[in-house]
Visitor: 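Quick one: the structure is below, questions incoming.
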Amino acid sequence: MATAARFEADYDLKVRDTRRLEIAAVMLLDAAGTLFMSKDPWSIEKHALAGGIVNRLTALGQRTRAVRNWYMAEAALLEGGRDFRTHRSQLADARSLFPNDAGLLMASGSGLETEGKNLDDAAAFYRASLAIESGNVECRIRLARVLFRIGDAAGSLAELEQMPAPRDERLAYLRELFRASALAALKRTPDSEKQFVAALAWTSQAPYLGLAESMAARGDDAGARRVIAKQLAANVDEEPWAAYLRGQWRYFAVLLDEARQALK
Amino acid sequence: MKGFVLGLIAVTAVTLSARQTFRSSAEAVRLDVLVTDGRKPIAGLTAKDFEVRDLGAMQQVRVEPALAAVDVILTLDVSDSLSSTALAALKTAARQVIGLLAPADRIQIVTFNHLVALRSPLDSSRAASLAALDDLVPGGGTALRDAVFTALMSVPAPAEDRRTVQLVLSDGDDSASWLGDEPVRAALRRSPVVVYALAPNAPMFGPVFVPTLPVPTPNGVRAGRTMSPNMEVSIERSGGALDSGFLRDAARDTGGRGLYVDKPEATAAVFRQVLEEFRQRYLVTYTPSSDAKGWHPVAVSVNGHRGATVFARSGYFKD
């Protein structure tokens, strides 16, 4: 009997104090995240307990900000753990509890994008999220990247060029980087290389690689070697692209804090 | 048998070694070829043993043992998935490689997680190369393709009197590269560098969580599943040779080999094996009968040695 009732029985979870349940769920998710980062398998147990409590809360009709934010933080953790199946099902549940929530829609798209499957669905989630919250810069950048991966480089470029300049410098960097790759896909090699150079303002690794690869592909190995020499001399210590590939996981602490804030 | 290539070398009356002279103003193709009996290299082969087809046409070849000085590009994965045991074994193996180098040989050490770092350049002293291994600390994601490309482009184009081997050790699970497989493989195919790819088995790397516990959801309880921060072991295992993935392809494209390292303690032995094997390859040289531009597929085979396996590049680009 794989039901919520059985889980409640297993954990003797008969509490009806929803505030205490919300606090416990957030605390346990926090513990699950901490254990996960230290590669401790007990993370799974903590996550299971937290999920059981949220299960109980929703059965009691709780549709609070704390519960919604818990789902957002949980999605980030699941994306970090590359547990995409649970990510999909949990967010499907969350969307049914909180319909038309731009954050949950974006998180849904992010999971699909990070998994690399159903990219059309990821784009649809991002578009739905943007229809509610058009000013979400990361969502628009992600939509552009997914369009690029689908093969719609022109659509990707249009999204990136029509959006306002991001205030967040990491997002600004990603926008420059993604414009470069879209231009490359459109065979606009000189524009693409200029764009990679523009992205070097952030001093990260990917623009050097993109530029060197482009030069090598057109036979300028000496030029490519010069670019790589600069890359290695630049002492790069951060690559927002690598963080981007982890989806919403990099926001786990922030999202967890938002869940905590909702308890106050 | 798979054929593989090396690059085009412009030759202008240059004596590559005491035993190798090219005709003036010719464009020769030089293939760096390994022939094994399935276990160890076969020595003593001559030109009459080799059959080389370029664009399908048989070529007249010259063959000599590959005696040129060696440049080793060590490209080491120090991402979060590397266990402390594996890191210690890696350092030991790398130190051993440095110790096995001949005086004219050189070594460059590149490490990577989600970022690629040059630890010691090609012209470093042995002492500097050894010191570069001291402060390696695992952490971060894995930008394998970026690392292979960066390492490849971080050394000068090999001189005609030298040979270059890129020795890559990684679990093969690329989680952070900007570059895709194809651009990096294209760069490798244009280069004369030979890639040896070594992939440790999963136990060398960090724990992969065992999925056992139920995960409750509002709709019931679902089976638990793996949660791993960085890695999904993506390389299949088969008889010690890599049979899938970018590492396998990179080795195949360049005429190198992809090998598994069964346990951390075996890393040094495998490194030694690779270096010794690299010194037992052949340089097969010919002037192609066709000067057509573009990709020249090359097939190399050995006659009269039943069970012989040939490792050479699959072709080259002629600009």
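First the proteins, then the strands, lettered A, B, ... as listed; each starts at 1. Quantities reported herein were computed from a predicted structural model and do not represent experimental measurements.
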Visitor: With only heavy atoms counted, which part of B:V184 is less than 4.5 Å from chain A, the side chain, the backbone, both or neither?
Guide: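 Contact with chain A: none, neither part.
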
Visitor: Roughly how far, to the nearest 0.5 Å, is the CG atom of A:L232 from the CG atom of B:L115?
Guide: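 B:L115 atom CG to A:L232 atom CG measures 11.0 Å (nearest 0.5 Å).
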
Visitor: Is it the side chain or the backbone of A:Q231 that comes within 4.5 Å of chain B heavy atoms, both, or neither?
Guide: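 Only the side chain of A:Q231 comes within 4.5 Å of chain B.
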
Visitor: Write out, in numerical order, the residues from residues 220-228 of chain A with a heavy atom short of 4.5 Å from a heavy atom in chain B.
Guide: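 Result: A:D221, A:A224, A:R225, A:I228.
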
Visitor: If you compare all heavy atoms of A:A242 against all heavy atoms of B:H114, which two are closest, and at what distance to 0.1 Å?
Guide: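 In terms of heavy atoms, the two residues are closest at CB-CB, 3.8 Å.
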
Visitor: Give, as side chain, backbone, both or neither, the part of A:L177 having an atom under 4.5 angstrom from any heavy atom of chain B.
Guide: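 Interface part for A:L177: both.
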
Visitor: Kindly assign one of parallel, tilted or perpendicular to the pair B:W178 and A:W241, based on the angle between their ring planes and the thresholds 30° and 60°.
Guide: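 It falls in the perpendicular class, over 60°.
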
Visitor: What is the minimum heavy-atom distance between B:M153 and A:A216, and which atoms define it?
Guide: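 The answer is CE-CB, 3.8 Å.
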
Visitor: Does any heavy atom of chain A fall under 4.5 Å from the side chain of B:L179, the backbone, both, or neither of them?
Guide: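 Looking at B:L179, just its side chain touches chain A.
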
Visitor: Let me know if A:A229 has heavy atoms under 4.5 Å from chain B in its side chain, its backbone, both or neither.
Guide: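 For A:A229, no heavy atom lies under 4.5 Å from chain B.
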
Visitor: What's the shortest heavy-atom distance between B:V116 and A:Q205, and which atoms?
Guide: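 Heavy-atom minimum between the residues: N-OE1, 2.6 Å.
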
Visitor: Is it the side chain or the backbone of A:L245 that comes within 4.5 Å of chain B heavy atoms, both, or neither?
Guide: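 A:L245 touches chain B through side-chain heavy atoms alone.
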
